[in-house]
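So the structure is just underneath, and the comments pick up after that.
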Amino acid sequence: MPKFFVTTPIYYVNDAPHIGHAYTTILADVLARFHRIAGDEVFFLTGLDEHGQKVKQAAQKRGLKPQAHCDDLAPRFLNLWQKLDIRFDDFIRTTEERHKKIVQLVLQKVHDAGDIYVDEYEGWYSVAEERFISQSEYTSGQFRDVKKLKEKNYFFKMGKYQQQLIDYLESHPDFIEPEHRKNEMLGFLRQPLSDLCISRPKARMDWGIEIPFDRDYVTYVWFDALVNYISVPGYGSDDAKFKKWWPAQVHLIGKDILTTHSIYWTTILFSLGLSLPKTIFAHGWWLIGQTKMSKSLGNVVNPLDLIDQYGADAVRYYLMREMVLGSDANFTLDSFNKCFNSDLANDFGNLLNRVSGLIAKNHGGRIPGAGLLTAVEEDIKKQANALPGKVKDLVNAFEVQEAVVAVIEFVRVLNKYMEAQAPWKLARTDMKAAERVLYTAAEGLRIASIMLAPVMPQKIATVLDILGAVGSKPVWGQLKAGTALKTHPPLFPRIELDDLKKSSV
RNA sequence: CGCGGGGUGGAGCAGCCCGGUAGCUCGCCAGGCUCAUAACCUGGAGGUCAUAGGUUCAAAUCCUGUCCCCGCAACCA
């Protein structure tokens, strides 16, 4: 059975979760669910990054110990994931013992391999950025809170892997996606790659994992956070498990942490002698606000606020439908409303109503038999059977938006088919034909629904329940004639834009 | 020369990597249907693909220059 190991970054707990965290995590969940229905064995990993200066500061500000602060913030993430129907397989917090001991193991191994050395460094230190900045960065005046600091620290010999990394990028076109990000990294690598400072003296910052070969130091973020990708699937603790899952199929990340992953993490893996993940995929950002619509409404709407009103599925659908992976996308309430009404209410939800309504009215509320299909139905059947493969190919190419659109386009085909066949007329003249049409439409809808299940798990579960087809596969013919349809309210009630205006004024 | 994204019919976007009738959603106009969440279906108007050059039989698509817009530059996917 093919396996699919997908990760999100582990999120930094110095603040509450926002749309960016939610987007990446939903995307990972959607990919995981697509792979599950394709029959792959899936491991979906997400979690929290809980060490570091800013966490310590955030805790101090609240008068809490760092761990108490983390324990308080972790549920906010977990609650949001629950609300959004995120079905992860493991959730790592870097303060967990199982992680800490592997981080120390990794540090020791890299040290033993001769890739870590100690050096004294004097330079400008940005308290805000928690790192030393270069002379040119200092003179740029862009960093506040800068002071001169002289300090002994441990360094990772990242520079020695520069050529190996360049060769790898050039010989593995799928490693960093989208392609322009790979080019960005190759551009970055044209400059000499310096070594990486990986420690902080406890005297200055002690909220971290102790370096095994020097107890006066803790390790800085890189060897802590990134290592979660291997510590969880069993590196150093469970060889069979690790062998099964590593390397990951994809690390999903935002474009802001591309360098961290494609350079720092990759060279760490080189040093450990491990394989690299198949793909690091950097998606774009959600830009919010600044449109006419939100201005006229006088407020900036956080997409996460829409969950309570319209449900997690609608928000998930919108986020997947609207962003072309790799580019930035704009969130506006207006585009959400349009997407919701047009795709979910008018096309998808309404098709269900048309079909179930007619079956209730003219066919005793039971799914009619298909009878003999004509050429028109054969064509629908062909499209329905082709849909899963089409969607799978698009998802594998990270074209999630296209995959969603492909399904909704098929829903439109079904609406057209209904219009052309007019089963409400046929019921008066040719009952057999009416039955055939409604079976075909319902069966098409069932298959389309299953292909949307990864994006909208809750609503699709409802649809399949209505159709009496829970657990069915996206293959033509599994809808059973004679099954009683459940009555139901509209799946996605239209958002009445006039009401909306009124209520917000 | 801070980093990055973008300029395609009224709005929002896809297409650009791998040149060859300019596509989608919304809106608008007309018609159809009247099973359905005033939804659905058909047809139509509307674009010199920012701009100036270049390459080519052929460019939204490749190359060069110019102009403009936006995000980041405090956190952060």
Side-chain angles (χ1 to χ4, degrees), chain A residues 8-12 14-28 46 49 54 58 128-129 136-137 140-145 173 178-184 187-188 252-259 281-293 319 321-324 326-330 332 334-335 337-339 341-362 399 401-402 405 408-409 411-427 434 437-438 441 488-497:
Chain A
T8 73
I10 49 175
Y11 307 116
Y12 204 42
N14 61 339
D15 202 359
H18 58 67
I19 178 65
H21 305 122
Y23 177 72
T24 313
T25 309
I26 291 170
L27 178 60
T46 185
D49 176 11
K54 293 206 187 83
E129 293 253 328
S136 62
E137 281 177 319
S140 76
Q142 290 172 30
F143 295 82
R144 303 175 304 154
D145 248 346
E179 196 182 358
H180 69 271
R181 298 291 171 202
K182 180 191 80 178
N183 295 335
E184 212 175 296
F188 183 89
L252 288 176
I253 58 170
K255 65 180 182 181
D256 50 323
I257 49 174
L258 179 64
T259 309
F281 193 101
H283 63 71
W285 283 337
W286 280 95
L287 311 175
I288 300 179
Q290 109 265 312
T291 65
K292 285 174 209 143
M293 183 66 191
L319 294 176
R321 164 74 164 92
E322 207 64 15
M323 181 180 271
V324 175
S327 320
D328 290 352
N330 237 304
T332 68
D334 192 40
S335 73
N337 289 335
K338 278 177 174 162
C339 171
N341 277 349
S342 129
D343 285 5
L344 297 180
N346 297 349
D347 287 337
F348 184 74
N350 187 43
L351 176 64
L352 174 66
N353 272 33
R354 302 179 83 182
V355 171
S356 65
L358 282 169
I359 290 176
K361 193 170 173 184
N362 298 330
E399 297 184 35
Q401 186 208 33
E402 291 295 325
V405 168
I408 212 71
E409 271 172 358
V411 168
R412 292 200 184 102
V413 166
L414 294 173
N415 270 319
K416 288 193 215 314
Y417 167 74
M418 287 283 284
E419 197 65 29
Q421 302 303 314
W424 51 92
K425 280 185 188 167
L426 290 173
V437 171
L438 285 174
H488 60 92
L491 205 60
F492 296 102
R494 275 178 66 83
I495 300 171
E496 294 305 332
L497 299 175

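Letters A, B, ... mirror the listed sequences (proteins, then strands); counts begin at 1. It should be emphasised that the depicted structure is a prediction, and the values quoted were computed from it without experimental measurement.
- Scored by the ring-ring contact (aromatic ring centres under 6.0 Å, His included) test, F492(A) finds F340(A) as partners (sequence neighbours excluded).
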(request) Determine, stepwise, if the pair E419(A) / R354(A) fulfils salt bridge (Lys or Arg N to Asp or Glu O under 4.0 Å). (result) CA-CA 11 Å; E419(A) 197 65 29; R354(A) 302 179 83 182; 3.1 Å; yes
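- Nearest heavy-atom pair, T24(A) versus P9(A), reported as atom, atom and distance to 0.1 Å: CG2-CD, 3.7 Å.
- Regarding I257(A), its CD1 atom lies at a distance of 16 Å from the C1' atom of G4(B), rounded to whole Å.
- Here C26(B) presents its C1' atom at 14 Å from CD1 of I495(A), a figure rounded to the nearest Å.
- Annotation: U21(B) and G2(B) have their C1' atoms spaced 44 Å apart (nearest Å).
- Following rounding to the nearest Å, K255(A) (NZ) and A77(B) (P) show an atom-to-atom distance of 13 Å.
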(message) If a pair means Watson-Crick or G-U wobble with both distances below 3.5 Å, what does RNA chain B look like in dot-bracket form, with | marking bases paired to a different strand?
(response) .(((((((.[[[[.)....(..]]]].(((((.......))))).....[[[[[..)....]]]]])))))).....
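- Comparing the same atom, C1', in A60(B) and in U48(B) gives a spacing of 12 Å after rounding to whole Å.
- Two residues, I10(A) and D343(A), neighbour RNA chain B, and the one matched to the more 5' nucleotide by heavy-atom proximity is D343(A).
- Side-chain nitrogen and oxygen atoms of K425(A) include at least one within less than 4.0 Å of the OP1 or OP2 phosphate oxygen of U34(B).
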(request) Any chance you could lay out the side-chain contact (heavy atoms from CB on, under 4.5 Å) test for L351(A) and R412(A), step after step, and finish with the verdict? (result) CA-CA 9 Å; L351(A) 176 64; R412(A) 292 200 184 102; over 6 Å; no
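- Of the P atoms belonging to U55(B) and G10(B), the separation is 32 Å, rounded to the nearest Å.
- Rounded to whole Å, the C1' atom of C70(B) lies 15 Å from the corresponding atom of A50(B).
- For the pair D343(A) and I408(A), the tightest heavy-atom approach, listed with the atom from each and the gap, is O-CD1, 3.7 Å.
- Judged by distance alone, the side chains of N350(A) and R494(A) never bring a donor and an acceptor atom under 3.5 Å apart.
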(request) Mark up nucleotides 35-40 of chain B, 5' to 3', with B wherever a protein heavy atom is under 4.0 angstrom from a base atom, S wherever such an atom reaches only the sugar-phosphate, and - elsewhere. (result) BBB-SB
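- One can place CD of Q421(A) at 15 Å from C1' of U42(B), the figure rounded to the nearest angstrom.
- With P as the reference atom, G54(B) and A11(B) are 31 Å apart, rounded to whole Å.
- With P as the reference atom, A14(B) and G6(B) are 8 Å apart, rounded to whole Å.
- Between F348(A) and the choices L414(A), N415(A), V411(A), the side chain to side chain contact (heavy atoms under 4.5 Å, CB included) rule is met once, by V411(A).
- The minimum heavy-atom distance linking P490(A) with P493(A) is given by the pair O-CD, 3.9 Å.
- Taking atom C1' on both nucleotides, C72(B) is separated from G20(B) by 39 Å, rounded to a whole Å.
- Residues A427(A) and A434(A) approach most closely at N-CB, 3.8 Å, considering heavy atoms.
- L258(A) has its CG atom 16 Å from the P atom of C3(B), to the nearest Å.
- Separating the P atom of G44(B) from that of C24(B) is a span of 11 Å, rounded to the nearest Å.
- Minimum interatomic distance between R321(A) and C339(A) (heavy atoms only, all atoms of both residues): CG-SG, 3.9 Å.
- A straight line from CD1 of I26(A) to P of A77(B) spans 16 Å, rounded to a whole angstrom.
- Regarding K338(A), its NZ atom lies at a distance of 17 Å from the P atom of C24(B), rounded to whole Å.
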